[in-house]
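Fair warning: this is a prediction, and the values are worked out from it, not measured in the lab.
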Amino acid sequence: MGLGCIAVGCPDLRELSLKWCIGVTHLGLDLLALKCNKLNILDLSYTMIVKKCFPAIMKLQNLQVLLLVGCNGIDDDALTSLDQECSKSLQVLDMSNSYNVTHVGVLSIVKAMPNLLELNLSYCSPVTPSMSSSFEMIHKLQKLKLDGCQFMDDGLKSIGKSCVSLRELSLSKCSGVTDTDLSFVVPRLKNLLKLDVTCCRKITDVSLAAITTSCPSLISLRMESCSLVSSKGLQLIGRRCTHLEELDLTDTDLDDEGLKALSGCSKLSSLKIGICLRITDEGLRHVPRLTNSLSFRSGAISDEGVTHIAQGCPMLESINMSYCTKLTDCSLRSLSKCIKLNTLEIRGCPMVSSAGLSEIATGCRLLSKLDIKKCFEINDMGMIFLSQFSHNLRQINLSYCSVTDIGLISLSSICGLQNMTIVHLAGVTPNGLIAALMVCGLRKVKLHEAFKSMVPSHMLKVVEARGCLFQWINKPYQVAVEPCDVWKQQSQDLLVQ
């Protein structure tokens, strides 16, 4: 009935998201198709739609984008009804996490949608050679996402034969991706601009040599946790892919020589080199003139390296240097000259203090996201500076800092602050917390579960009624900052899971 009211009242609707609206059935979609024939974008992700819903969807003759993420009521039988009117206009289809669709259903999709430009089948059925070969029917396909899928036999090789127009290919966390397959595919994708092989743990320097030789025009390469690629292999990226704009080498064997090779990538704007433990201050000297974001995590990096970054990347908008335990206020003083900085993550940097944060507050007026968890020397004075100068602040993590009620209430004067994490903040009392919550227009707060019984329930209900969502966390208090080898092991354990 609610969807019917929208359909009748909004006949010119162009975009509609019904994500997680599990009460939507074919009856509501029938009325939507009848009244809203101008609809271009429809998101039905995580709804309970079934085969009976497809005839209505297919009547939307102007529909270009259809999102069906996690719709497990859809199976191969339901997809046989796709060969109707709207399927000819569709350009983007996302059916990721739809576990009941096999290669049979995929064949129905490609037959019905010859004009598809983007297809997402991530975390669906195994990719067989017959499935990959069927992609040839959508000869205009430019973007293909198969994250988390298992490749069977020559499934990946068939993509090289069938999808010659691809500009973007995502194989993140795919099993069955080997040097032989990847070396066969990339030379055939002449137009490829973006490639994601994150956690493809079987590939080596052989694959990287093929990628850098065959795809010199790449603008985005993501290869986090490709642990068999050597430091010498990684140097090929900077020497051959000079058009790169985005590069993710998190948790790889990258060293200073690899960073030095990247100095030729003059268009690079975003670089992720977290948990690359062989990087030192000398390597950061060679980082290109980034404008978007930089993230790194290495116990060998000191203030000297951050100074190189601040001087070489004055227009940088985001930096994550969490758990670089040698950093002091000198690093923050250097970064305060980056006037476009809007995101700063210095979690687990125990030597920075409120003095350094005050430099950021006064120099980086666009700051909107700040993570200072386990920065034990940051106290109320830092919060007072933020309240005075950081009027664009939207999100902050204060856990384990030395902030008290005074600092928390000071932050409440920032009218745009929306998200706050204070799971472990020993200096805050229930009275100080509720005073800050009543003044501040927060939308989401993460708190330790212990506060639930300390704060009057009627006060929490008042804050919730204003639109604030509480997330109660029951984590043990743990002060120690983890050493580098622990990060590495945690990263590997997470990827195995």
Side-chain angles (χ1 to χ4, degrees), residues 224-225 231 247-256 258-260 262 270-288 290 292-314 316-338 341-360 363-364 367 369-378 382 396-402 421 478-492:
E224 176 183 349
S225 298
S231 55
L247 180 60
D248 187 349
L249 297 177
T250 302
D251 192 17
T252 62
D253 198 35
L254 184 72
D255 58 12
D256 289 346
L259 276 179
K260 188 174 182 179
L262 289 177
S270 177
L271 177 62
K272 293 183 178 180
I273 48 177
I275 325 183
C276 294
L277 305 183
R278 299 178 65 188
I279 292 175
T280 69
D281 294 336
E282 178 59 29
L284 292 184
R285 182 189 297 273
H286 303 287
V287 168
L290 304 174
N292 188 353
S293 63
L294 171 65
S295 64
F296 54 85
R297 182 185 294 192
S298 173
I301 293 174
S302 70
D303 293 332
E304 180 185 350
V306 178
T307 300
H308 293 324
I309 294 298
Q311 292 174 349
C313 310
L316 193 65
E317 295 180 2
S318 172
I319 188 166
N320 183 344
M321 44 192 194
S322 297
Y323 299 106
C324 293
T325 53
K326 289 184 178 180
L327 302 186
T328 72
D329 289 337
C330 291
S331 289
L332 300 190
R333 191 172 301 114
S334 298
L335 289 173
S336 67
K337 306 298 190 297
C338 300
L341 195 70
N342 59 59
T343 300
L344 175 63
E345 298 183 54
I346 50 174
R347 170 186 301 211
C349 295
M351 297 175 69
V352 300
S353 73
S354 290
L357 187 58
S358 68
E359 299 276 357
I360 293 291
C364 306
L367 191 68
K369 180 179 178 182
L370 178 63
D371 187 343
I372 49 177
K373 179 180 178 180
K374 293 194 175 181
C375 294
F376 310 115
E377 297 299 318
I378 291 181
I396 188 168
N397 187 342
L398 294 170
S399 292
Y400 293 96
C401 292
S402 299
T421 299
Q478 185 179 2
V479 177
V481 176
E482 293 138 347
C484 302
D485 55 343
V486 175
W487 308 335
K488 197 83 171 178
Q489 187 59 52
Q490 288 175 342
S491 172
Q492 292 171 352

Where is the tightest heavy-atom contact between [X] and [Y], given as atom of each residue plus distance?
| X | Y | result |
| --- | --- | --- |
| S298 | C276 | CB-O, 3.9 Å |
| D281 | A300 | OD1-O, 4.1 Å |
| T325 | G348 | CG2-O, 3.8 Å |
| H308 | L284 | CB-O, 4.1 Å |
| L327 | M321 | CD1-SD, 3.6 Å |
| K326 | I301 | CB-O, 3.5 Å |

If you define the side chain from C-beta out and look only at heavy atoms, does anything of [X] sit under 4.5 Å from [Y]?
| X | Y | result |
| --- | --- | --- |
| L249 | L247 | yes |
| I279 | L254 | yes |
| K260 | L262 | no |
| C375 | I346 | yes |
| L370 | E345 | no |
| V306 | L335 | yes |
| L259 | I273 | yes |
| R278 | D253 | yes |

Working to the nearest 0.5 Å, report the span between [atom1] of [X] and [atom2] of [Y].
| X | Y | atom1 | atom2 | result |
| --- | --- | --- | --- | --- |
| S331 | M351 | OG | CE | 9.5 Å |
| L357 | L332 | CG | CG | 7.0 Å |
| C338 | E317 | SG | CD | 11.0 Å |
| S336 | I360 | OG | CD1 | 5.5 Å |
| E377 | C349 | CD | SG | 12.5 Å |
| S358 | I378 | OG | CD1 | 10.0 Å |

Pair V352-T328, side chain to side chain contact (heavy atoms under 4.5 Å, CB included): steps then yes or no
CA-CA 5 Å; V352 300; T328 72; 5.5 Å; no

Do K374 and Y400 meet the cation-pi criteria used here (NZ or CZ under 6.0 Å from the six-membered ring centre, within 45° of the axis)?
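The answer is yes; both the distance and angle limits are met.
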
With distance as the sole test, does [X] use its side chain to make a donor-acceptor pair with the main-chain N or O of [Y] at under 3.5 Å?
| X | Y | answer |
| --- | --- | --- |
| D256 | E282 | no |
| S354 | G382 | yes |
| D371 | K373 | yes |

For the residue pair S399 and T421, confirm or rule out a side-chain donor-acceptor distance under 3.5 Å.
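On atom types as modelled, these side chains do not qualify, holding no pair under 3.5 Å.
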
Chi angles and distances behind the side chain to side chain contact (heavy atoms under 4.5 Å, CB included) call for K337, Q311
CA-CA 8 Å; K337 306 298 190 297; Q311 292 174 349; over 6 Å; no

Can you confirm whether more than 12 heavy atoms, excluding those of K272, are under 6.0 Å from its NZ atom?
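Not buried by this count: 12 neighbours or fewer within 6.0 Å.
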
Audit row: F296, I319, side chain to side chain contact (heavy atoms under 4.5 Å, CB included) steps and yes/no:
CA-CA 8 Å; F296 54 85; I319 188 166; 4.0 Å; yes

Side chain to side chain contact (heavy atoms under 4.5 Å, CB included) between I372 and N397, intermediate numbers included:
CA-CA 6 Å; I372 49 177; N397 187 342; 6.0 Å; no

